[in-house]
Amino acid sequence: MTKRLERIAGGIMVDGQQVGETLQCVHCGMHWDRVPGSGRQRGFCLKCNGVLCGKRECLIECKPIEKRLDEEAALGVEVERRRQELIEREAAKGIPLL
Amino acid sequence: MATGKRYNGFTNNTNTVSATVPLIGITSATTIRPKIYEWNSGSDAAPADVSAKFSWQRSSTAGTTSATVTPNPLDPADPPSLLTHFAKTYSAQPTITANSDQYQWTQNQRANFRWIAAPDSEIVITNSATSGLQLVSVVCATPANYAWSVLWTE
């Protein structure tokens, strides 16, 4: 029996009828329609044990989606901290805030 | 089955093609990690054979909204959504991250389209007030009004 390595990540319904399934890239989180025999080159990460969307950045480096999201959140916190600092600095100078 | 507090946000817009002006903007907050597990898309305009292509893309700034929608909790006992905003239009557009498509789909204006995530395959937005997901119109020869309903957990 063949074990299916690709994990179905979503279902598509058109006019109430299920017409397809989506797979999800373990590196960027992108979903795509599963089309067997389409010839589209995707990929597989042996470390994450999951399918890849085929984008270059997903193929060349193993960075799981959870790690990417953590980095994005950390960046967002840093941006927000700097924005607050700027607002406080401008307020201290007496510059009216928008 | 999605767990956590579940919410529904819906809006409508004309699907004019643009890489910078989104049709829907969902922006997270520092205290939540929204996970989108379902959406519906369809047109309420007069039926016509027009193809359309949409894409959910990530964004790294919140932008300034000019029209927002208040999401509804699916469980009336749940508190209001903690999203920074569920936007219909912006006066200052959010910054859409290049090559960050989370899902693209095509549909005919006559049909309605629904996507449902399998458990643990939801599209996650990070816990940052600048992180978001934007619905962008990628292709449409003759734009029409479309309506969307998006469901997520927080």
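The chains referred to below are lettered A, B, ... by the order of the sequence lines, with proteins before strands, and numbering in each begins at 1.
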With a 4.5 angstrom heavy-atom cut-off, is it the side chain or the backbone of B:Asn99 that approaches chain A, or both, or neither? both

Atom group of B:Ser131 that falls short of 4.5 Å from chain A, counting heavy atoms: both

Should we say atom NZ of B:Lys88 is surrounded by more than 12 heavy atoms from elsewhere, each under 6.0 Å from it? yes

So for atom CD, which belongs to A:Gln41, do other residues, nucleotides or ligands contribute more than 12 heavy atoms lying within a distance under 6.0 Å? no

Which one, B:Gln104, B:Arg58, B:Gln107, leads in non-hydrogen pairs under 4.5 Å with chain A? B:Arg58

Note: vs chain A, highest number of non-hydrogen pairs under 4.5 angstrom among B:Glu38, B:Gln102, B:Arg110 is B:Gln102

Establish whether [X] and [Y] are linked, either directly or via other cluster members, by ILVMFWY side-chain heavy-atom contacts under 4.5 Å.
X        : Y        : answer
B:Leu83  : B:Val69  : yes
B:Tyr37  : B:Trp148 : no
A:Leu52  : B:Ile123 : no
B:Trp152 : B:Leu135 : yes
B:Trp105 : B:Val139 : no

Is A:Asp15 reaching over with its side chain to a backbone N or O of B:Asn112, donor-acceptor style, under 3.5 angstrom? yes

Gap between atom CD1 of B:Ile116 and atom CD of A:Gln18 - 0.5 Å precision: 7.0 Å

Would you please test A:Ile12 and B:Tyr103 for side-chain contact (heavy atoms from CB on, under 4.5 Å) and show each step? CA-CA 12 Å; A:Ile12 305 161; B:Tyr103 186 55; 3.4 Å; yes

Taking 4.0 angstrom as the limit, do A:Glu72 and B:Arg33 come out as a salt bridge? no

Pair count under 4.5 Å, heavy atoms only, with chain B: among A:Val14, A:Leu69, A:Asp70, highest is A:Leu69

Using a cut-off of under 4.5 Å on heavy-atom pairs, state which of A:Met30, A:Glu57, A:Lys55 scores highest against chain B. A:Met30

Could you go step by step and tell me if A:Thr22 and B:Trp115 meet the side-chain contact (heavy atoms from CB on, under 4.5 Å) rule? CA-CA 9 Å; A:Thr22 63; B:Trp115 176 85; 3.2 Å; yes

Less than 3.5 Å apart, any donor N or O on the side chain of A:Arg7 or B:Ser121 sitting next to an acceptor on the other? yes

